[in-house]
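All remarks here apply to the structure that follows.
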Amino acid sequence: MTELDVNEPSRVLLHICSAEEWEAAQAAGEVRPDSFDSIGFVHLSSAEQVHLPANRLFAGHANLLLLVLDPRQLGAPLEWEPGVPGDPESMLFPHLYGPLPVSAVTSVTPYAPGPDGQFGPPIF
């Protein structure tokens, strides 16, 4: 495990969620995915890798959003850890070991699959 250098301003961190999940998070003040209680962290991604979990977990979904995060505002430990079998072997994914505060979200953008139904890296 490695920790994120929060002083690296070029690092963009993202979280994928549905519009409904984002609406609920705004009311609650935090994003707490259903998987949080069982695994203990919130899945995040870099812009270069977000399409991997999107294609694996959200195939066929068209109402997704990308939450763009300020890593200095996360308020919980962030660890870079291996993904799942099938991900590039050396690729590490950011895992937030606490709920994701809504205050850490700097922008929200729609995230739709391309014409072939596959998600690609986002364009900011």
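Sequence positions, counted from 1, serve as the residue numbers for this chain. The figures that follow rest on heavy atoms only: side chains count, while hydrogens, waters and symmetry mates do not. Everything quoted here is computed from the prediction, not taken from an experiment.
By the rule that hydrophobic residues join a cluster once side-chain heavy atoms approach within less than 4.5 Å of another member, L64 and V12 end up as members of one cluster. By the rule that hydrophobic residues join a cluster once side-chain heavy atoms approach within less than 4.5 Å of another member, L74 and V108 end up as members of one cluster. A continuous path of ILVMFWY side-chain contacts below 4.5 Å connects F36 to V105, so both sit in one hydrophobic cluster.
Residues F41 and L96 have side chains not in contact (no heavy-atom distance under 4.5 Å, counting atoms from C-beta outward). L67 is not listed as a side-chain neighbour of S107, based on a closest heavy-atom distance of 4.5 Å or more. You'll find the side chain of L69 reaches within 4.5 Å of the side chain of L100, heavy atoms only. Using a 4.5 Å heavy-atom threshold, the side chains of W22 and V102 count as touching. By the 4.5 Å heavy-atom criterion applied to side chains, L13 and L78 are counted as neighbours. Between P33 and V42, the closest side-chain pair of non-hydrogen atoms falls below 4.5 Å. Side-chain contact check for P53 versus S45: some heavy-atom pair is nearer than 4.5 Å. Put simply, the side chain of R32 reaches to within 4.5 Å of the side chain of P99, judged on heavy atoms.
The number of heavy-atom neighbours closer than 6.0 Å to CG of D116, taken from other residues, nucleotides and ligands shown, is above 12. Other residues, nucleotides and ligands place no more than 12 heavy atoms under 6.0 Å from the CD atom of E23.
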Yes or no on side chain to side chain contact (heavy atoms under 4.5 Å, CB included) for I16 and L66, after CA distance, side-chain angles and deciding distance? CA-CA 5 Å; I16 306 168; L66 287 179; 3.8 Å; yes
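Membership of an apolar cluster is not assigned to V84, as no side-chain contact below 4.5 Å to another ILVMFWY residue is traced.
A distance of 8.5 Å separates CG in L14 from OH in Y111, rounded to the nearest 0.5 Å.
In terms of heavy-atom proximity, P122 sits nearest to V50 at CD-CG1, 3.4 Å. Minimum interatomic distance between S46 and W80 (heavy atoms only, all atoms of both residues): CB-CH2, 4.4 Å. In this structure, P110 and L65 approach most closely via the heavy-atom pair CA-CD2, 4.0 Å.
The backbone N or O of H43 sits less than 3.5 Å from a side-chain atom of H15, completing a donor-acceptor pair. No donor-acceptor pair under 3.5 Å is formed between the side chain of Q73 and the backbone N or O of P101. When atom types are taken as modelled, the side chain of N55 and the backbone of F119 share a donor-acceptor pair closer than 3.5 angstrom.
A donor and an acceptor atom, one from each side chain of H95 and E79, are nowhere located under 3.5 Å apart.
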